[in-house]
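Note: hydrogens, waters and symmetry copies are ignored here, and every other heavy atom, side chains too, is used. Given the structure is predicted, the values throughout are model-derived calculations rather than measurements. Chain letters run A, B, ... following the sequence lines, proteins first and then strands; every chain starts at 1.
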Amino acid sequence: MADRPYQRQGRTRPYGARRSSMTVQETGPETGPETGPETAPDTATDPAAGSAAGSAADMVTDMATERAMAAADVGLWHWDIASGAMHLSATATGLLGGSPATLQDFLGLIDADERPSVAAAMAGIENGLDIGVRTVHGRHLRARGRLSGGEACGILIPADAPMTEDRLATMASAQATLREREAHLTSVLETVPDAMIVINSHGVMQSFSAAAERLFGYRQDEIIGRNVSMLMPSPYREMHDTFLRRYLETGVRKIIGRGRVAVGMRRNGSTFPMELSVGEMISGEKRSFTGFIRDLTERHETQRRLQDLQSELIHMSRFTAMGEMASTLAHELNQPLTAVASYLNGCRRLLTGPDTVQSLMLRDAIDRAAEQALRAGQIIRRLRQFVARGETDRHVEDLGKLIEEASALALVGAKETGVHVRYDLDHRVTTVLADKIQVQQVVLNLIRNAVEAMQETERRYLTIATAQRPGGMAEVSVSDTGPGIPPEIAAHLFQPFVTSKPQGMGVGLSISRTIIEAHGGQLTAEPNPGGGTIFRLTLKAIGDDLDKEEADDGV
Amino acid sequence: MASEAVVHLIDDDEAVRQSVAFLLATAGFAVRVYDSASAFLDALPTLQAGCIITDIRMPGMDGLELQRQLKARKVTMPVIVITGHADVPLAVEAMKAGAVDLIEKPFSDDTLLAAIAAAIDRHAEHAARDETIAAIRQRMAALSPREREVLDGLLAGLPNKTIAYDLKISARTVEVHRANLMTRMGAGSLAELVRMAFLARSAG
């Protein structure tokens, strides 16, 4: 429990430390919550604090009031019913003649005769409390209090102390204002999507927002008062106290005011990436720290998936580059191999005449040599087939989802480039037969090319559309408003190692076309009427709707 | 498998041209080589008919375009395509363009020679059939209008009497026309006559 969340020179009120209003302070405003007929000590009448308009902060910082209350023997007490913990202000401790930590301790300080009735009154605190008690030291006191939330608080005053109606009303009004502010602040904090945790200088949690409850899986009431390191996995868990202490000693800020990515641990032991920003509050000699935490799980997922796709794409491009090389090699090597085989076969045909041992051996050797030339051709053919086939894994896929995923990945960071993205999906085309990863690579490739193409242009509109095409095909088009493709490039656009990008390998479109053609579709490019380029790819469409439409078209 | 047929070999690779020409020469073929499709087309008017063997991927005009050109010029010589890049779409294109065969490089002599033999045989067969059809058409064209009418009746399967009635001539006259047209067409029987007429009509 925070022992002194607001105090004399309090400049700021701890952010969201809503519990703190219930804590007992020597001179806090949480005095008698109920007005009573008794008279209050005629001290510390502060008009500003007393007026209904006077803010709670005024009240809190009113040192005159604080001193006055202490001087007037007004003690404060606080009882947390859930934990049973009790706190008494110094004045209350003085009046009672002891500093009880629990209700039992408290009752132990009450005269044995009165103990049962006081215990009963405390048990019935929800009805309000206003009793006279005699301490074990024989002092007559008056205890007043009421229940608020899961906590009870009130005042302890000498039984003979006068208490004016006025004074009590003032205190009650000040407290009501304070509560109202606090409720307001709490409601604001509840709506902040980021989780918020306030710790004190020892790392002990003071406040735990609703979002934090959702994120970490702990309830506020079970986590307040525990060390914040419990929300971190090892080795950070063990190191946190040291970090905190080092900061307090050196004042060198590592995280505060900067924010960084850290790892959090949920109640169930699972960990997650989070973005942590920490603010520091200094009130008098007290410090507390507020951490705002944002769950990065989803963002990390996205990045991880993007990386996966990219590495797949790199793998594919190597594979396809190999294919292109095999294809070129095949042509080049097949020519000399054809010549070798043809010469040898011609020679064998010339070796006619009487069979001698030598001529038989010669014919046999020539035969075998020709076979080897053909074998070399077979090896090249197999290599090409292997490369051309690749690994495909075709299933019926939801085209919209396929595009959505691919574009989400492709457009990471595109917002910063000021590209306006429009989707124009034909609801009649829903499913296609495709190797999802491969086709996503193509779509991703086309979108990235489009975004890149528009870097230098003023109008940046990217349109991703689907449409139905004859022959049971679905079309995906990606249009940009970039500068378009120069004619000298356009003629060789899909050939490998042709590129207009300084850093490009010139394999992206070549691979893309290979993939789409392997799917039985086509990949083409054409100028966008409004400037720029449109790439279109087709895939085999699946689905009743399409078949029906087609049948209708055919009539 | 010697033959009087000439093999026209088109390939941009000199080693391939020379080696294949050598092989074909050992097999008894007369071979003429061309280093490009356009060189072949240039020489075409003076060429002896025969079989064409062409590569597909060549600088300038490729093998597929050559096939289209030949079709446009109504050259009926059979075309065998040889390629170092046989994949399915290419094979389909080549066959659609009218190639009689597609052979992957490198190839065994048997494969190539068998393909040439088949192409030449088929071509000869076609040529013979074309000749027959041309002769039949010529003879049919020489028939008199009345003989044509009688022939139509016979092809429709009508008896002499019905033909006579339809043409408003006597049955005896129909018989005379029929005998004459059989002689002119060189048909020994009605069945043969029908077969000839069918052949002439079917081959567009």
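Shown here is B:Arg68, whose CZ atom has more than 12 heavy atoms of other residues, nucleotides or ligands within 6.0 Å.
Counting heavy-atom pairs closer than 4.5 Å to chain B, the top residue among A:Ala370, A:Ala373, A:Cys347 is A:Cys347. Of the listed residues A:Leu344, A:Leu337, A:Asn334, A:Leu350, the one with more heavy-atom pairs under 4.5 angstrom with chain B than any other is A:Asn334.
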Exercise. Go through A:Arg349 and B:Asp109 one step at a time and tell me if the salt bridge (Lys or Arg N to Asp or Glu O under 4.0 Å) criterion holds.
Key: CA-CA 10 Å; A:Arg349 289 178 165 275; B:Asp109 54 342; 3.2 Å; yes
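In this structure a side-chain-to-backbone donor-acceptor pair under 3.5 Å is missing from A:His519 to A:Val439. Side chain of A:Gln522 to main chain of A:Ile516: no donor-acceptor pair is present (N/O by atom type, distance under 3.5 Å, no hydrogens or angles).
For a residue to count as touching a neighbouring chain, one of its non-hydrogen atoms must lie under 4.5 Å from one of that chain's; by this rule A:Ala341 touches chain B with the side chain only.
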